[in-house]
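The structure under discussion appears below in the form of structure tokens.
Proteins get letters first, then strands, A, B, ... in listed order; numbering begins at 1 in each.
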Protein chains: 2
Amino acid sequence: MNVKVCKFGGTSMATAQTIRKVIRIIKKDPLRRIVVVSAPGKRFKEDIKVTDLLYTLADELIRENNAATFELVRERFLSIAKDLHVITPMKLILQDTLEQMKKIRTTEFIVSRGEYLSAQLLAKVLKFEFIDAGTLIRFKVNAVNYKQTDIVARKALKNKMDVVIPGFYGTTSNGELKLLSRGGSDVTGALIASAVNAKVYENWTDVDGFLICDPKIVSDPHLIEVMTYRELRVLSFMGASILHSDTFFPVARKGIPIHIQNTFNTRSPGTIIYQTLPSPKRASVITGISGIKDFTLIVIEKELLSETVGIDRKILTFPEKMGIKVAHFPSGTDTFSMLIESKFLTEGKLDRLVAQIKKGIKPDLLEVTQNIALISIVGRHLMADNFNMLRLFTALINDNITIKTIDFGSSGVNIVVGVNGEDYTYAIQAIYNEFFLKEDEE
Amino acid sequence: MNVKVCKFGGTSMATAQTIRKVIRIIKKDPLRRIVVVSAPGKRFKEDIKVTDLLYTLADELIRENNAATFELVRERFLSIAKDLHVITPMKLILQDTLEQMKKIRTTEFIVSRGEYLSAQLLAKVLKFEFIDAGTLIRFKVNAVNYKQTDIVARKALKNKMDVVIPGFYGTTSNGELKLLSRGGSDVTGALIASAVNAKVYENWTDVDGFLICDPKIVSDPHLIEVMTYRELRVLSFMGASILHSDTFFPVARKGIPIHIQNTFNTRSPGTIIYQTLPSPKRASVITGISGIKDFTLIVIEKELLSETVGIDRKILTFPEKMGIKVAHFPSGTDTFSMLIESKFLTEGKLDRLVAQIKKGIKPDLLEVTQNIALISIVGRHLMADNFNMLRLFTALINDNITIKTIDFGSSGVNIVVGVNGEDYTYAIQAIYNEFFLKEDEE
């Protein structure tokens, strides 16, 4: 469908003033005809999000049959509605919503009303049709039923134009309301974009898009203007986060690009994520740098390990039985190593894992190293040219950073380098300087 | 025990002239008091080894009750015995041996007589005691019983000095004679050295020792003078071969060094292999370079693979069930790759493996790349200093060799680099030139 699905986050929906920006954005492009919204977020640092008010309300209502907090919710919506000249219909909707809440009395239902009211309000202002997420997003038990949602939403939205849909919730086939995880409006937007086969899924938020690396490590890093889903996936897995991680799959599957944009800075190009890039226009070698700090490295050596069929598989059963995910397992002659995030090895789990491996395969040597940081350098162009790889290693070594491990070639889009925990920040800075500041100077 | 166990191979035992060299070596060092020997090998290129004659004889004797080939064996031993002035006792021993062969009539027994006669002959010449391997090396079914051998041989050799022991065979606890695999005299020597806790295990052969790399790739490469067992193991696994691979374990376990030396060039220092190096005297960054040419790379990509506990283990069960050893399995975000020697994937096995993976885990992408060569660069010093790693990569890249994969850090002694098959030779030459020819110039 020749339509853009636009999702606006909580900060964009926070006040009449920010909603005016939203309206201006929607009106600027006639293809922006399907809008998904979050509940109003914080207006200032100490403010409480509508969703958090609703959690309090749910507690009051279910336990004490008391709806005092609803007044705070009502006030927020009415102050926006007043400013946007839709106060009369909103009063009715709010009254009706409170009655429904008292009747249905589930946390899910009560909490979902933030998005519901937000969408109702915007629909009134825009004179768009409100379509309830309950009729579009299908759950089976507690997870989204992607297939069903695709069919149901496609049918429901056929020939529909100019609609506003609340994010964050859906229903099971027998009508029970279910919530997505926190931040799930991103997913609602992706599911809708996928169902209508949108031209693009616009995700409007309060940042310009993905940055090359963590701004806490490098001050004012460049924006990633274009990347692939594969790159995004690698960056997210290794620590970078803006989008809810389930967001990529529904749209990536159909090759629909996601365009992350800033409601408060429409001049920024934002970040566009493609399944496959439309043209090889980008010059920058590196797309992004991310990392996770605290890994534990377990090195296992055993004579003839390399000649024993199935021993690797056997070693991997030990963490598996404990529900521990092994992030990487570099293997050499008679050596098998496991890199595991240390947070999975607390409360004696490391000792238990080591004991089980020792008992199970009787290694000649088992060595545990803590505080290993893994840095993932992501970029299609990085992998294509060995000179860039060399530049990367040289930058690190010239900055006196010891490279402990290298994983190169197992993925088409990234190199993973292991360094000591204390070198983590310096390593990311060194890579950023090499590939971005030097390029800027040229 | 303050003794050196010396093993002499078939070329060293081939003629009276070569045995004179053996005698000179033994007499030169009073600690060389336990000698293990192979059967006489080839005297010239078209010659037949005594062991091969004995296989023919076993066939004749068992199937046709005909011992014609024994004459050739007798002739070889008598010509040596004559030259070394032990013809009278050897005639008796040979006659007795033939009668025993006719009586026992098993291939194992008949073939083992090469080493038996070789040891008898040398014992007579040296005036050393002959001790039969059957009383020292213990088998259980078809494998050496290391524990039993250690106990039995230690007891049997206690307070013994100046003995010659035949290599290549042993017996089960009920006296049945069993052979080690071809080249197994190396193992006999190692088992004996281990049992008596020798100062060193001297393995005398017809080459100077281990070379840095394959002389078919680099002409006249340097000798490896010193290395560790760990390095030897990695080099051997990746293609380099001089010693029977089972040789290391019995001696490595006790920390006994192996000294490989050339009977025909006693001026060469040979190669000494230590458990841990006595002093960090070596300057050379690289110990050796080896490689295997024909690997198949299978790359598997699947959404959420990195977050699915146990999926790596599941993937590894597919080759395991087919008895296929996976040499390396580099893993990245949502990627799992397997490097398998292509020789294990003939006769439709690759197709079957791919089909099973596709059926079993439904990957989003499965890519097969043939003709990947893996090069293992071995050296303790290489791993200790990142500048050397950089030198290695730079040498390859400056020679226009594309690095496809890098495994660095999973082993303490080597880096494994994957290149295209056609770059294999050039890559080894580039590395050798960088680390040896350049150093020579300095």
Separation between OG1 (B/Thr335) and CZ (A/Arg233), nearest 0.5 Å, reads 10.0 Å
Bottom line for A/Glu301: the part with an atom under 4.5 Å from chain B's heavy atoms is side chain
Cut-off 4.5 Å, heavy atoms of chain B, and the answer for A/Ile324 is backbone
Contacts of A/Tyr146 meeting ring pair (Phe, Tyr, Trp, His ring centres under 6.0 Å) (sequence neighbours excluded), chain-then-number -> none
Ranking A/Leu316, A/Thr405, A/Asn386 by heavy-atom pairs under 4.5 Å to chain B gives rank one to A/Asn386
Of the listed A/Val326, A/Ile401, A/Thr317, A/Ile397, the one with the largest count of heavy-atom pairs under 4.5 Å with chain B is A/Ile397
Tested for side-chain contact (heavy atoms from CB on, under 4.5 Å) against A/Leu390, the lone hit among B/Leu396, B/Ile403, B/Thr394, B/Asn398 is B/Thr394
Which of A/Phe387, A/Phe408, A/Phe393 passes ring pair (Phe, Tyr, Trp, His ring centres under 6.0 Å) with B/Phe393? Answer is A/Phe393
**Flag if over 12 foreign heavy atoms under 6.0 Å of NZ, A/Lys314** = no
* Asked: Can you find a heavy atom in the side chain of B/Lys325 that is under 4.5 Å from one in the side chain of A/Asp312?
  -> yes
